[in-house]
Amino acid sequence: MNNIISSAEFKDRLKSGLSGTYIFFGEEDYMKRHYLLQTRREVLGDGEFGDMRHKKISCLELDTERLTDALTTAPIGFFEGKILCELHELQLSAFKESEWKALCEILSEASPDVVTIIY
């Protein structure tokens, strides 16, 4: 979470395989939406079980229990492949220091099979 990358760098990572957490920010809504859709295609593919590996969470406040559950669950059985976890509406600018610490701790414990997008 300590590196800022350009959209071109993110595009390269999409091609080589994503891992970890990415925060989509800035004023270009079109670009954020475009790369979110590209991420979905790349991580989930076109298989019929892609929906089983897609977690979309809307939360105005940090829900540590729900987030921990979403990020630490690894794919099983025929649902193999990476999991995409999208966090929407999280008000990062209003976070207190304790909330940032909790979020960073949860993200550091995420399964390596989970790609997280904070949108």
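The residues of the chain are indexed from 1 along the displayed sequence. From a predicted model like this one, the values you see are computed outputs, not experimental measurements.
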Let me have the donor-acceptor pairs involving side chains of residues 59-69, under 3.5 Å, with sequence neighbours excluded, atom names and distances please.
{"unit_1": "Asp63", "atom_1": "OD1", "unit_2": "Glu65", "atom_2": "N", "d": "3.4"}
{"unit_1": "Asp63", "atom_1": "OD1", "unit_2": "Arg66", "atom_2": "N", "d": "3.2"}
{"unit_1": "Thr68", "atom_1": "OG1", "unit_2": "Thr64", "atom_2": "O", "d": "2.7"}

In Leu107, Ile106, Ile117, Val114, the residue satisfying side-chain contact (heavy atoms from CB on, under 4.5 Å) with Thr21 is Leu107
* Asked: Should we count CD of Gln38 as having more than 12 external heavy atoms under 6.0 Å?
  -> yes
Query raised in the report: Would you find a donor on one side and an acceptor on the other, under 3.5 Å apart, between the side chain of Arg40 and the backbone of Leu84?
Result: no
Between the side chain of Lys32 and the main-chain N/O of Gly26, is any donor-acceptor distance below 3.5 Å? yes
Can you tell me how far apart [atom1] ([X]) and [atom2] ([Y]) are? Round to the nearest 0.5 Å.
X      : Y      : atom1 : atom2 : value
Asp29  : Tyr119 : CG    : OH    : 6.0 Å
Tyr22  : Ile118 : OH    : CD1   : 12.5 Å
Asp113 : Cys85  : CG    : SG    : 13.5 Å

Correct closest heavy-atom pair for Phe24 and Leu36 would be CE2-N, 3.6 Å
Margin query: Membership question, hydrophobic clusters at under 4.5 Å side-chain separation (ILVMFWY): are Leu37 and Met31 in the same one?
Written below: no
When the side chains of residues 5-14 are checked against the rest of the protein, which donor-acceptor pairs come out under 3.5 Å, sequence neighbours left out?
{"unit_1": "Ser6", "atom_1": "OG", "unit_2": "Ala8", "atom_2": "N", "d": "3.4"}
{"unit_1": "Ser6", "atom_1": "OG", "unit_2": "Glu9", "atom_2": "N", "d": "3.2"}
{"unit_1": "Ser6", "atom_1": "OG", "unit_2": "Glu9", "atom_2": "OE1", "d": "3.4"}
{"unit_1": "Glu9", "atom_1": "OE1", "unit_2": "Ser6", "atom_2": "N", "d": "2.7"}

Could you go through residues 87-99 and list every donor-acceptor pair under 3.5 Å that involves a side-chain atom there, pairing it with any protein atom two or more places apart or in another chain?
{"unit_1": "His88", "atom_1": "NE2", "unit_2": "Glu86", "atom_2": "OE1", "d": "2.7"}
{"unit_1": "Gln91", "atom_1": "NE2", "unit_2": "Glu89", "atom_2": "O", "d": "3.0"}
{"unit_1": "Glu97", "atom_1": "OE2", "unit_2": "Lys101", "atom_2": "NZ", "d": "3.4"}
{"unit_1": "Glu99", "atom_1": "OE1", "unit_2": "Lys96", "atom_2": "N", "d": "2.7"}

